[in-house]
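Everything on this sheet refers to the single structure shown next.
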Amino acid sequence: EKTLSSQDIINKNTLSTKSITLNKLIIPQSSTQLIISSGVITVTNTFHSVRVESGSTDDLDTINGGVDGQVLFIKSHDDNNIVIKNNADNILTNDGNDITLDSIRDIAMLIYQSDKWIQLFYSNID
């Protein structure tokens, strides 16, 4: 087992251990803002704030991008309603119901697996 510090750089081509212990996992709060376009966003980072295309509510049907094992955190950019649609395209939620992010404090965590973004958790804080 190797414990990594914040100074260590991980190179997947030279990493020989199967287990990594991190002292801290910090997801940058300077999230990249994405705007839903016809129900679609394309991820480029681990953390994104999402804005509606127009109005105050928008459906998120498709998340483009991702590789197996990639984790994604998304939140509403403002207090508009982002409705994460279960199984409309490539998003699956835990209970089969849609998720609504309607506060800047609401966060959904998903993981990419076999061409699908699968919900790991969702916090609904008003």
[X] [atom1] to [Y] [atom2] distance, which is reported to the nearest 0.5 Å:
X    : Y    : atom1 : atom2 : answer
L92  : N87  : CG    : CG    : 5.0 Å
N45  : I74  : CG    : CD1   : 13.5 Å
H48  : L72  : NE2   : CG    : 6.0 Å
S123 : M109 : OG    : CE    : 11.5 Å

Quick check: is [Y] connected to [X] through a chain of hydrophobic side chains (ILVMFWY, heavy atoms under 4.5 Å apart)?
X    : Y    : value
L101 : V43  : yes
I125 : I82  : no
I36  : Y122 : yes
F73  : L120 : yes

Indicate yes or no: at least one non-hydrogen side-chain atom of [X] is less than 4.5 angstrom from one of [Y].
X    : Y    : answer
L110 : V71  : no
D102 : N124 : yes
T57  : V52  : no
I91  : T62  : no

Taking atom types as modelled and ignoring hydrogens, do the side chains of T100 and N81 form a donor-acceptor contact shorter than 3.5 angstrom? no

Please report the C-alpha distance between L60 and I41 in whole Å, then the side-chain angles of each, then the deciding distance to 0.1 Å, and finally whether the side chain to side chain contact (heavy atoms under 4.5 Å, CB included) criterion is met. CA-CA 8 Å; L60 178 58; I41 60 171; 3.7 Å; yes

Is it the case that the side chain of [X] and the backbone of [Y] share a donor-acceptor pair, with hydrogens and angles ignored and the cut-off at 3.5 Å?
X   : Y    : answer
Q33 : V50  : no
D95 : N97  : yes
S37 : V40  : no
N90 : K116 : no
D59 : D61  : no
D78 : I104 : no

side-chain hydrogen bond (donor to acceptor under 3.5 Å, both in side chains) between N80 and S56: does it pass, once the steps are laid out? CA-CA 5 Å; N80 288 326; S56 61; 5.0 Å; no

What side-chain hydrogen bond (donor to acceptor under 3.5 Å, both in side chains) pairs are there with at least one residue in residues 64-74, not counting sequence neighbours? none

Those residues at least two apart in sequence (or on a different chain) that pass ring pair (Phe, Tyr, Trp, His ring centres under 6.0 Å) with Y112 are W117

Nearest heavy atoms of A108 and I84, plus distance in Å: CB-CD1, 3.8 Å

Considering non-hydrogen atoms only, spot the tightest contact between S103 and S76 and give its length. O-CB, 4.0 Å

Can you check side chain to side chain contact (heavy atoms under 4.5 Å, CB included) on T42 and L34, steps first, answer last? CA-CA 8 Å; T42 300; L34 301 176; over 6 Å; no

Whether D98 and K85 form a salt bridge (side-chain N of Lys/Arg under 4.0 Å from carboxylate O of Asp/Glu) is what I want to check. yes

State which residues pass salt bridge (Lys or Arg N to Asp or Glu O under 4.0 Å) with D89; sequence neighbours excluded, sorted by chain then number. none

